[in-house]
Amino acid sequence: MSTVNEQPPIIKLNDPILNKQGAELFVCKLYLTHPTISGNKWFKLKYNLQEAKRLGLNTILTFGGAYSNHIHATAAACKEYGLKSIGIIRGERSNPLNSTLTFAESCGMQLYFIDRGVYRNKNTDAFIEKLKTEFGAFYLVPEGGSNLLGVTGCVEIMGNVKAARDEGQRTIEDFNYVCCACGTGATLAGITLSLKPHQKALGFSVLKGGEFLKEGVQLFIDEYNKNTPRLSGLIPSTSEYGIETNYHFGGYAKVTPQLFEFASNFEKQHNIPLDYVYTSKMFFGLFDLIKKGYFNKGSRIIAIHTGGLQGNKGFQK
């Protein structure tokens with residue numbers, strides 16, 4: 001297994017907007033976790049892959065779109081773990097394959113394309129049974145890696161942040177907010193479970209109409225608390241989370257010239273690349289909230305850069 005860096009760099013941003021509002025913003029570069037299994041995807045997959053091996057199943061089956069970060073990461077992780085992989089891809093096959101699916105195939109993933117209408121049934125028992133008939137025994141990882149084991153992995157994301165120090169060698173454990181992009185809610189749930197009672201997690205929905213995510217996050221948290229032994233000080237029952245739903249830019253994988261410009265300027269100023277589906281929307285929303293005075297003066301904020309940079313090739317194309 002290639003080296004996985006579960007404690008990637010954390011840097012403090014210097015920005016006139018932050019100085020004016022009296023806020024401190026740190027960025028956890030989770031995208032540097034691994035070259036091909038980067039960001040939160042590693043944390044979502046690690047315990048699922050271990051569980052597959054424990055059960056004696058040597059094939060992982062999962063779902064995703066044509067430029068899915070999850071498909072990309074799962075294919076790479078299965079190759080390194082010595083597991084076979086099957087990707088059920090939304091939409092029709094087009095040749096040549098794009099960069100994401102070409103990479104997945106190069107890792108040995110078997111791609112199976114299905115109609116978008118059929119894809120909506122991916123979670124039904126009848127469809128899963130049909131897949132078992134066609135492919136034989138497999139370990140199912142849901143789209144995005146978002147299940148209890150995925151949440152369990154995401155609980156660990158904040159472990160390195162709590163012990164990190166800023167440029168002045170001060171601990172940054174006593175932060176007020178942790179921010180992340182939100183697609184399924186699993187990462188936000190895991191982060192929330194790792195916080196102390198006075199800290200708050202804030203998710204930025206990349207989906208239009210993302211209000212439903214709050215219920216989904218709570219379901220993940222309830223399931224985790226029900227099924228995972230409570231360790232003293234590790235799983236605070238009073239931790240809070242919120243979801244901002246006004247920064248989706250039209251919906252999942254939708255972008256605008258304003259968002260492109262923001263991502264470009266952000267990278268030039270801070271030397272941090274952003275992906276257009278997730279992190280660019282999160283950072284845009286975060287800076288907008290800072291400018292509007294959402295955070296109290298003196299607030300210490302951690303922004304989790306969850307990766308997804310490989311997906312930018314689709315927009316470049």
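The distance from the OG1 atom of T59 to the CZ atom of F135 is 10.5 Å, given to the nearest 0.5 Å. We find the OG1-CG distance between T184 and L213 to be 8.0 Å, quoted to the nearest 0.5 Å. Rounding to the nearest 0.5 Å gives a distance of 8.0 Å between OG of S194 and CD1 of I157. Residue N95 holds its CG atom at 5.5 Å from CG of L97, rounded to the nearest 0.5 Å. In this structure, OH on Y241 lies 12.5 Å from CG on L195, to the nearest 0.5 angstrom. In this structure, NE2 in H198 is found 6.5 Å from CG in N176, a value given to the nearest 0.5 Å.
Salt bridge status for K226 with E223: absent, with no side-chain N to carboxylate O gap under 4.0 Å.
Outside the 6.0 Å centre-distance limit, the rings of F284 and F204 are not counted as a close aromatic pair.
Crowding of N19 atom CG: a count of heavy atoms from other residues, nucleotides or ligands under 6.0 Å exceeding 12. Counting heavy atoms of neighbouring residues, nucleotides and ligands inside a 6.0 Å radius, atom CD of E215 does not exceed 12 of them. Under a cut-off of 6.0 angstrom, the local environment of CZ in R120 is sparse, with at most 12 non-hydrogen atoms contributed by other residues, nucleotides or ligands. Atom NZ of K254 sits in a sparse spot, with 12 or fewer heavy atoms from other residues, nucleotides or ligands closer than 6.0 Å.
A distance-only check finds a donor-acceptor pair linking the side chain of K281 to the backbone of H248 [under 3.5 Å]. With hydrogens and angles disregarded, a donor-acceptor distance shorter than 3.5 Å links the side chain of Q199 to the backbone of K196. Between the side chain of N296 and the main chain of S299, no donor-acceptor pair closer than 3.5 Å is present. Using a distance-only test at 3.5 Å, with no hydrogens or angles considered, no donor-acceptor pair links the side chain of S38 to the main chain of P35.
At a threshold of 4.5 Å between non-hydrogen side-chain atoms, the residues P96 and T102 do not count as touching. No side-chain heavy atom of Y31 sits under 4.5 Å from any side-chain heavy atom of T279. Residues L289 and F295 meet the side-chain proximity criterion, which asks for heavy atoms closer than 4.5 Å. F212 has its side chain out of reach of V217: every pair of non-hydrogen atoms, C-beta onward, lies at least 4.5 Å apart. In this structure, K53 and Y81 have side chains that are in contact, with non-hydrogen atoms separated by less than 4.5 Å. Residues L45 and H70 have side chains in contact (heavy-atom distance under 4.5 Å, counting atoms from C-beta outward). Here the side chains of I10 and V27 are not in contact, with every heavy-atom distance at 4.5 Å or above. Side-chain contact check for F287 versus D15: some heavy-atom pair is nearer than 4.5 Å.
In terms of hydrophobic clustering, with Ile, Leu, Val, Met, Phe, Trp and Tyr side chains grouped at heavy-atom distances under 4.5 Å, L13 and I290 are assigned to a common cluster. Placement of Y139 and I128 in two distinct hydrophobic clusters is found when ILVMFWY residues are connected by side-chain heavy-atom separations under 4.5 Å, directly or transitively. Under a hydrophobic-cluster definition in which Ile, Leu, Val, Met, Phe, Trp and Tyr are linked whenever side-chain heavy atoms come within less than 4.5 Å, directly or via other members, F138 and L49 are assigned to different clusters. By the criterion of side-chain heavy atoms lying less than 4.5 angstrom apart, applied directly or through intervening Ile, Leu, Val, Met, Phe, Trp or Tyr residues, V118 is grouped together with L140 in one hydrophobic cluster. Under a hydrophobic-cluster definition in which Ile, Leu, Val, Met, Phe, Trp and Tyr are linked whenever side-chain heavy atoms come within less than 4.5 Å, directly or via other members, L286 and L207 are assigned to the same cluster.
Side-chain N/O atoms of T33 and N5 include no donor and acceptor closer than 3.5 Å. In this structure, a donor-acceptor pair under 3.5 Å is present between the side chains of H34 and E80. Judged by distance alone, the side chains of Y294 and Y177 never bring a donor and an acceptor atom under 3.5 Å apart.
Residues that satisfy the side chain to side chain donor-acceptor pair (under 3.5 Å) test with S85, not counting sequence neighbours, are absent from this structure.
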Verify side-chain contact (heavy atoms from CB on, under 4.5 Å) between N225 and L193, making sure each step is shown before the conclusion. CA-CA 9 Å; N225 284 330; L193 284 161; 3.7 Å; yes
side-chain contact (heavy atoms from CB on, under 4.5 Å) for V4 and W42? Distances and angles first, verdict last. CA-CA 9 Å; V4 175; W42 162 250; 3.4 Å; yes
K44 vs S146, test: side-chain contact (heavy atoms from CB on, under 4.5 Å). Steps then yes/no. CA-CA 7 Å; K44 286 184 174 183; S146 298; 3.4 Å; yes
side-chain contact (heavy atoms from CB on, under 4.5 Å) between F175 and I301, worked out: CA-CA 6 Å; F175 51 86; I301 308 161; over 6 Å; no
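Taking both residues in full, the closest heavy atoms of T74 and I60 are given as CG2-CG2, 4.1 Å, listed atom of the first, atom of the second, then distance. Heavy-atom minimum distance, L274 versus S280: CD1-CA, 3.8 Å. Residues F43 and G39 come closest through the heavy atom pair CD1-O, 3.5 Å. Between H305 and F283 the shortest heavy-atom distance is CD2-CE1, 4.5 Å. L309 and D275 make their closest contact through CD2-N, 3.6 Å (heavy atoms, listed as atom of the first residue, atom of the second, distance). When all heavy atoms are compared, the tightest approach of N48 to G150 is ND2-N, 3.8 Å.
Sorted by first and then second residue, the pairs that involve residues 143-156 and meet salt bridge (charged side-chain N to carboxylate O under 4.0 Å, His left out), not counting sequence neighbours, are K46-E156, R90-E143, K122-E143.
Each of Q310, K313, E105, H72 was checked for a side-chain hydrogen bond (donor to acceptor under 3.5 Å, both in side chains) with T100, and the lone residue meeting it is Q310.
Aromatic ring pairs are classed by plane angle as parallel below 30°, tilted from 30° to 60° and perpendicular above 60°; the pair F63 and F127 is tilted.
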Per-pair distances, 0.1 Å, donor-acceptor, side chain in residues 258-268, under 3.5 Å, sequence neighbours excluded:
{"from": "N265", "atom 1": "ND2", "to": "E261", "atom 2": "O", "distance (Å)": "3.3"}

